[in-house]
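Worksheet for the structure shown next.
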Amino acid sequence: MTNPADIVAEFKGVTKSFKFGDDQIFALNNISYTLHKSEFAVLAGPSGSGKSTFLNVLGCLDKPSEGELFIEGENITYEPLERLYDLRLHKMGFIFQSFNLVPVLSAWENVELPLLFKYENKTIINKKVEKALVDVGLEDRMHHKPGQLSGGQRQRVAIARALADTPSLLLADEPTANLDQSTSLSIINLLQKLNQEYGVTTLVASHDPDIIERANKVNYIRDGVIA
Ligand SMILES: Nc1ncnc2c1ncn2[C@@H]1O[C@H](COP(=O)(O)OP(=O)(O)OP(=O)(O)O)[C@@H](O)[C@H]1O
Ligand SMILES: [Mg+2]
C-alpha cells in the first residue's frame with residue numbers, strides 16, 4: 001500500500017473535452033493516474049494522444065471537464081484561479097512544448113521573472129539565474145533575446161527558468177524535441193540529477209528513448225486513454 005503522503009498528484013476519472021464546431025474532442029477520457037513523490041515518470045504516446053493536455057490539467061493550467069485533481073492529497077478541482085496560480089508559482093516548474101518565453105526579455109530576464117515574484121533579495125535571485133543558465137550550457141547567451149537564439153537554445157532558457165528555483169514538481173513537455181543528441185543528453189542528465197539529488201518529482205511527456213530509459217515509470221496514452 002502506498003502511503004498517501006507519498007502521492008504528489010492524482011487524477012480521479014479525469015476527462016477533458018474541447019468543443020470544436022459541432023464536434024466534441026475528448027483529449028483525456030476518464031483517466032485515473034497517480035504520481036508519487038520523487039518519481040521520474042514518463043508519459044509517452046503518439047501526436048494528438050493527449051500528452052500536453054494531461055500536463056496542462058495536472059499542472060493546474062487547465063480545469064478538467066469531469067473528474068477531480070488532487071495535489072498533495074488536497075482536492076484542488078474547484079479552487080479559485082488565484083490559489084492555483086500560487087500553487088504553480090511555489091511548487092511547480094514547467095517546460096512547455098512551445099517554450100512560452102517572453103520575446104522582449106533576454107534569456108537572463110526570462111529566467112529571473114518568476115523569481116522576482118518570490119524573492120526580494122537580488123543577490124539570491126542573481127545566483128539562481130546564473131547557476132540555472134550555466135547548468136543548461138548558456139553562459140555565453142545570457143543576454144540574448146529569444147529571437148536571437150536557436151530553437152534548442154530557447155528550449156534551454158525555458159528549462160533554466162523551470163529549474164532555477166528547484167520546484168517540488170517538474171512538468172516537462174517534450175523537453176528534448178528540438179535539441180541535438182549531445183545537448184539532449186546533457187539536459188536529460190540534468191533532469192535526472194535534480195530528481196535523484198533533490199528529489200524533484202518529474203513528469204515528462206516524451207517519446208525520446210533516452211528519457212524513457214531513465215524513467216521509474218512509463219505510461220502510454222492513446223486517444224486520451226492510458227493503456
Ligand atoms: N484548445 C483545443 N481545442 C480543441 N481541440 C484541442 C485543444 N487542445 C487540444 N485539442 C485536441 O486534443 C487532442 C490532444 O492534444 P494534445 O495537444 O494534448 O496532444 P499531444 O499528445 O500533446 O500531441 P503532440 O505529441 O503532437 O504534442 C488533439 O486531438 C488536439 O487536436
Ligand atoms: Mg503535445
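Numbering starts at 1 and runs along the sequence shown. We count ligands from 1, going down the list as the structure has it; atoms in each ligand are counted the same way.
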* Close side-chain approach of Val14 to Tyr33, heavy-atom, < 4.5 Å -> no
* Which protein N, O or S atoms lie under 2.8 Å from the Mg ion (ligand 2), given by chain and residue number? -> Ser52 OG, Gln97 OE1
* Structure fact -> Any heavy atom of Lys19 under 4.0 Å from ligand 1? The part involved is neither
* Asked: Does a side-chain heavy-atom distance below 4.5 Å link Ser106 with Met142?
  -> no
* **Atoms in ligand 1 flagged as close to Pro46, the criterion being non-hydrogen separation under 4.0 Å** => 21 (O)
* Structure fact -> heavy-atom search around atom 16 (P) of ligand 1 in the protein gives Thr53 OG1, 3.6 Å
* **Distance-only donor-acceptor check, side chains Glu39 and Asn216, under 3.5 Å** => no
* Determine whether any heavy atom of His207 lies closer than 4.0 Å to an atom of ligand 1. => no
* Asked: Is the shortest heavy-atom distance from the side chain of Asn110 to the side chain of Pro146 under 4.5 Å?
  -> yes
* Would a 4.5 Å heavy-atom cut-off, applied to side chains only, mark Leu105 and Leu101 as touching? -> no
* **atom 27 (O) of ligand 1 [closest protein heavy-atom partner, distance rounded to 0.1 Å]** => Gln97 NE2, 2.8 Å
* **Charged N-O contact under 4.0 Å between Asp135 and Lys131** => yes
* How about Glu109 and Val102: do any of their side-chain heavy atoms sit closer than 4.5 Å? -> no
* Asked: Got a salt bridge between Glu112 and Lys122, using NZ or NE/NH1/NH2 to carboxylate O under 4.0 Å?
  -> yes
* Supply the atom-to-atom distance Phe94 CZ to Arg161 CZ, rounded to the nearest 0.5 angstrom. => 10.5 Å
* **Sub-4.0 Å protein heavy atom next to atom 30 (C) of ligand 1** => no
* Structure fact -> Note: heavy atom closest to atom 14 (C) of ligand 1, options Ala205, Ser47, Gly48, belongs to Gly48
* Treating Ile, Leu, Val, Met, Phe, Trp and Tyr as nodes and any side-chain heavy-atom pair under 4.5 angstrom as an edge, say whether Val42 and Phe54 lie in one connected cluster. => no
* Distance below 4.0 Å between atom 3 (N) of ligand 1 and any protein heavy atom? -> yes
